[in-house]
Amino acid sequence: MYICVCKAVTDSQILTAIDNGVCTRKKLIHCFGIGKDCGKCNKEVSALLEQRMSPVQLLPSATNQPITII
């Protein structure tokens, strides 16, 4: 889906850039030129960044309880 119509940039292009280390909105603006013309894509770009950069909890939180081995 197109996120920035002005620059013809899709969500998959932005997500690929984020996965490859472009981790700020400023860097995305520099790479793609998005958000400069009409600015309508700024919310979507920020949402994609937040979605991709939010920490994923793979394991439950650690507790200070001993582990019982059966």
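Once rounded to the nearest 0.5 Å, the distance linking NZ of Lys40 with CD1 of Ile3 reads 14.0 Å. Between the SG atom of Cys41 and the NZ atom of Lys36 there is a distance of 11.5 Å, given to the nearest 0.5 Å. Taken from CD1 in Ile14 to CG in Leu49, the straight-line distance is 8.5 Å, to the nearest 0.5 Å. Arg52 contributes atom CZ, which lies 13.5 Å from atom SG of Cys23 (distance to the nearest 0.5 angstrom).
Taking every heavy atom of both residues into account, Phe32 and Gln13 meet most closely at CZ-O, 3.7 Å. Taking each heavy atom of Ile34 and Ile29 in turn, the nearest pair found is O-CG1, 3.3 Å. Between Gly35 and Asn42, the shortest heavy-atom distance links the atoms CA-OD1, 3.4 Å. The minimum heavy-atom distance linking Arg25 with Ser46 is given by the pair CD-OG, 3.2 Å.
The 12-atom threshold is not exceeded at CD of Glu50, counting heavy atoms of other residues, nucleotides or ligands nearer than 6.0 Å.
Looking at Asp11, its side chain does come within 3.5 Å of a backbone N or O of Met1 through a donor-acceptor pair.
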